[in-house]
Amino acid sequence: MKLTGIPVSQGMVLDKSYILTAIPEFEMEEKSDTPAEVSIALIDRAVHQVLGELKTSKLRMAGNTDHIALIQVQEAMLDDACFREDIIRNVKLGYSPEAAVMRAAKAQEEMLASLGDPYMVARAEDMHDISCRLACCIADKNYPDICGMNDPAIVVAQDLLPSMLISVDDSKVKGIIIERGTKTSHVSILAASIGIPMIVSCAGAMNIKDGTMVFLDSDKGEVYSDLNDDEHKRFMEIAASFSEEKAKLKDLAACEALSADGERMIVSANIVEPMGLSKVIENGMDGVGLFRTEFMYMNRKKLPTEEEQYTVYRLAAEKLAGKPIIIRTMDIGGDKTVECLDLQHEDNPFMGYRAIRICLDHKHIMLTQLRAILRASAYGNVWVMFPMIATAKELKAVLDMLSEVKAELKEQCVPFDAHIKVGIMVEIPSAVVMLDVLIKHLDFVSIGSNDLIQYTFAADRLNKNVGYLYNYMDPAVLRLIKHTINIAYRAGVECSICGEMAGEALGMAALVALGLKKFSISPSLGLMAKKRMSLLNAGKLAEVGTMMLEVENADEATEVLKAALPPKYS
Ligand code: PEP
Ligand code: MG
């Protein structure tokens with residue numbers, strides 16, 4: 001049986017399935033005749049027990065800061081006086097202890113979710129998790145726990161909550177298949193940060209039989225079960241060669257990214273929240289080349305405050321301990337819609353009201369974000385980057401806002417890095433054409449190939465019908481990139497790329513051939529990128545780079561490049 005889902009983190013693994021039973025549901029309206037004092041004593045005892053379990057998990061997770069932070073959040077929730085008061089209030093209203101807990105938790109979950117901030121939404125998930133655990137403890141029911149897993153296995157669940165993952169020895173969890181779930185849920189981020197292959201939204205996953213062999217290819221988002229002997233043998237070989245490759249890659253964590261001819265390359269990471277930083281550090285990457293901050297604005301009703309943003313940016317900057325972190329101002333619009341801004345429906349959102357275009361109209365959004373970024377810059381090597389700049393006039397407008405915020409902070413004696421590096425995404429062809437003008441005001445540029453390709457060909461990056469045009473190997477794109485690199489280098493300005501092109505083997509080779517030395521990619525690809533880099537001879541590829549610009553189409557450019565690549569390069 002073949003099932004498909006959405007890939008969360010990469011890997012190929014063959015192992016036994018471990019089907020996690022569904023989380024018990026508790027009736028919110030359940031009343032009880034038990035005297036209130038007895039119910040309260042029962043609840044307090046359960047809180048004590050769950051706190052003890054969390055403490056044990058914390059001890060087991062010593063050294064894993066992400067896990068410990070999550071456990072601490074749940075501990076604080078259980079210890080929270082308001083939460084306890086609300087539980088007691090519900091008990092006094094006659095609800096059963098379990099119902100009282102679930103009702104108090106629901107109120108907290110709704111409050112957290114209404115804040116809309118993805119961090120708070122994730123906290124609501126934590127609240128749900130910990131209250132279900134507490135209710136199970138009160139009712140003496142089993143909380144579906146991966147801890148019950150004696151041998152390594154691929155966990156299959158309808159849904160998975162963060163505490164289930166943090167309470168288990170993760171070396172036993174070989175993979176995760178979730179029937180529901182989303183890519184951006186806390187548990188997905190956690191699994192990706194640990195490096196467990198995982199897919200979500202895998203319809204039919206719960207039909208997999210417990211304890212049977214399953215092959216999970218989380219790169220492709222595919223699952224195979226009910227394997228026959230031939231399939232079993234084939235998948236065993238694939239999984240073995242994948243894990244061999246992965247083990248070899250680990251040695252590269254301590255190494256700098258170097259090309260085969262000894263050129264130092266910079267491999268940074270694209271992140272959406274500070275949690276992704278564990279992988280960045282673990283893989284020995286050179287910092288963060290793109291922090292997509294718009295995710296802080298999504299799934300919430302109110303805009304994120306300066307304080308919220310400052311806390312997140314500062315945390316990230318501190319975690320990177322001096323390595324650069326490029327914070328991109330919000331890029332809402334296109335396929336990223338938000339509730340907290342009353343944006344009208346547009347027929348053509350990618351060509352419409354997006355990123356800087358919104359901020360120029362709603363200055364307070366930009367000013368708040370810039371204040372938060374600048375304040376965080378006092379605590380690390382923070383750079384600021386503006387997306388979707390199309391004209392010099394737009395650039396001047398955002399730079400004026402930056403100066404305004406700097407002056408205000410200075411006057412208020414708030415510390416910030418007065419020499420913060422300022423850059424733009426080069427992702428609109430007009431910015432490439434006018435780069436010699438724009439560059440005079442910049443410390444760095446970062447090529448946004450995802451958008452640059454779509455705007456070059458007028459081909460929506462999400463529209464499969466025009467996907468044939470969306471090709472980074474087309475000389476039109478390669479020429480724009482080459483022009484950007486030339487203008488930046490000539491001006492002594494740093495130039496990098498943060499579009500997906502850099503994460504692909506062929507894309508990276510093409511960029512090295514064009515003379516690029518700085519790349520920002522998904523943290524999970526960090527080691528692979530270092531390996532690829534070590535196989536590329538930058539000096540020799542430069543000749544190919546020139547040839548790629550002179551051919552007529554993408555196929556010819558690909559052919560020219562492939563002919564120059566070492567046989568093992570992939
Ligand atoms: C890009 O356009 O290449 C880019 C990195 O930005 P985003 O994908 O967030 O638009
Ligand atoms: Mg972009």
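Sequential numbering from 1 along the given sequence is applied to the chain's residues. All values below were derived from every heavy atom in this structure, side-chain atoms included, with hydrogens, water molecules and symmetry-related copies excluded.
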So, applying side chain to side chain contact (heavy atoms under 4.5 Å, CB included) with Leu320, which one of Asn381, Leu315, Val280 is it? Val280

Search all heavy atoms of Val267 against all heavy atoms of Met285 and return the closest pair with its distance. O-CB, 3.4 Å

Would you call Tyr569 and Leu536 a side-chain contact if the rule is heavy atoms closer than 4.5 Å? yes

Can you name the closest pair of heavy atoms from Ile325 and Ala316 and give their distance? CD1-CB, 3.6 Å

Residue set satisfying ring-ring contact (aromatic ring centres under 6.0 Å, His included) with Tyr310, at least two apart, ordered chain then number -> none

Determine yes or no for a side-chain-to-main-chain donor-acceptor pair under 3.5 angstrom, with Ser534 supplying the side chain and Ser259 the backbone. no

Do NZ/NE/NH1/NH2 and the carboxylate oxygens of Asp251 and Lys248 come within less than 4.0 Å? no

So does Met473 get a backbone contact from the side chain of Asn471, meaning a donor-acceptor N/O pair under 3.5 Å? yes

Between Ala564 and Leu541, what is the shortest heavy-atom contact and its length? CB-CD2, 4.2 Å

Are side-chain heavy atoms of Leu452 and Val432 found at a separation under 4.5 Å? yes

Taking Asp159 for its side chain and Arg180 for its backbone only, find out whether a donor-acceptor pair lies under 3.5 Å. no

Euclidean distance, Met548 CE relative to Ile481 CD1, rounded to 0.5 Å: 8.5 Å

Residues Glu404 and Arg371 bridged, charged N to O under 4.0 Å: no

Which heavy atom in Asp219 sits nearest to a heavy atom in Pro7, and how many Å separate them? O-CG, 3.7 Å

Kindly compute the distance separating CZ (Arg490) from CD1 (Ile439), expressed to the nearest 0.5 Å. 10.5 Å

Which pair of heavy atoms, one from Pro523 and one from Ala269, lies closest together, and at what distance? CG-CB, 4.1 Å

Can you tell me if Gln369 and Thr293 form a side-chain donor-acceptor pair at under 3.5 Å? yes

Give the intermediate values and the outcome of side chain to side chain contact (heavy atoms under 4.5 Å, CB included) for residues Met330 and Ile358. CA-CA 10 Å; Met330 70 83 160; Ile358 301 175; 4.2 Å; yes

Which pair of heavy atoms, one from His364 and one from Leu303, lies closest together, and at what distance? NE2-CD1, 4.0 Å

Run the side-chain contact (heavy atoms from CB on, under 4.5 Å) test against Ser449 and tell me which residues pass, sequence neighbours left out. Ile453, Ile497, Met501

The test is side chain to side chain contact (heavy atoms under 4.5 Å, CB included); show your working for Asp261 and Lys540 and say whether it passes. CA-CA 9 Å; Asp261 50 340; Lys540 278 199 183 141; over 6 Å; no

Counting N and O atoms only, with roles assigned by atom type, does the side chain of Thr391 sit under 3.5 Å from a partner on the main chain of Glu394, one being a donor and the other an acceptor? yes

Are the side chain of Asn270 and the backbone N or O of Ser522 linked by a donor-acceptor pair below 3.5 Å? no

Under a 4.0 Å threshold between the charged nitrogen and the carboxylate oxygen, would Asp331 count as salt-bridged to Arg292? no

State whether the side chain of Asp126 and the backbone N or O of Val73 hold a donor-acceptor pair below 3.5 Å, judged by distance alone. no

Pairwise distance CE(Met401) to NZ(Lys363) - rounded to 0.5 angstrom: 6.0 Å

If you measure from the Lys or Arg side-chain nitrogens to the Asp or Glu carboxylate oxygens, is any gap between Asp361 and Arg357 under 4.0 Å? no

Between the main-chain N or O of Gly284 and the side-chain N or O of Lys530, is there a donor-acceptor pair closer than 3.5 Å? yes

Counting heavy atoms not belonging to His419, are there more than 12 under 6.0 Å from its NE2? no

Residue list, side-chain contact (heavy atoms from CB on, under 4.5 Å) with Asp460, at least two apart or on another chain: Phe350, Gln454, Leu462, Asn463

Relative to Phe416, does Arg375 satisfy both conditions: NZ or CZ under 6.0 angstrom from the six-membered ring centre, and within 45 degrees of the ring's axis? no

Are any non-hydrogen side-chain atoms of Leu469 and Asp474 less than 4.5 angstrom apart? no

Sub-4.5 Å side-chain heavy-atom contact between Met388 and Ile428: yes

Rounded distance (nearest 0.5 Å) linking atom CG of Leu374 with atom CG of Asp417: 8.5 Å

Can you measure from CD (Glu308) to OG1 (Thr368) and round to the nearest 0.5 angstrom? 11.5 Å

Classify the ring geometry of Tyr313 against Phe291: parallel below 30°, tilted from 30° to 60°, perpendicular beyond 60°. perpendicular

With side chains defined as the heavy atoms from C-beta onward, is the minimum distance between Glu427 and Pro387 less than 4.5 Å? yes

Can any side-chain N or O of Tyr353 pair as donor or acceptor with the backbone N or O of Gly334 at less than 3.5 Å? no

Rounded to the nearest 0.5 angstrom, the OG1-CD1 distance for Thr329 and Ile365 is 11.0 Å

Pairwise side-chain contact, Ile420 with Lys406, heavy-atom cut-off 4.5 Å (strictly under): yes

Does Lys517 reach the main-chain N or O of Met265 with its side chain, forming a donor-acceptor pair under 3.5 Å? no

Counting C-beta onward and ignoring hydrogens, is there a side-chain heavy-atom pair between Tyr472 and Leu506 closer than 4.5 Å? yes

Step-by-step side chain to side chain contact (heavy atoms under 4.5 Å, CB included) determination, Phe386 to Val422: CA-CA 8 Å; Phe386 298 103; Val422 180; 3.8 Å; yes

Donor-acceptor under 3.5 Å (Arg264 side chain, Glu256 main chain): no

Side-chain heavy-atom pair Tyr489, Glu494 within 4.5 angstrom cut-off: no

Decide side chain to side chain contact (heavy atoms under 4.5 Å, CB included) for Ser446 and Met385; before the verdict, give the C-alpha distance in whole Å, the side-chain angles of both, and the deciding distance to 0.1 Å. CA-CA 8 Å; Ser446 185; Met385 175 160 75; 3.6 Å; yes

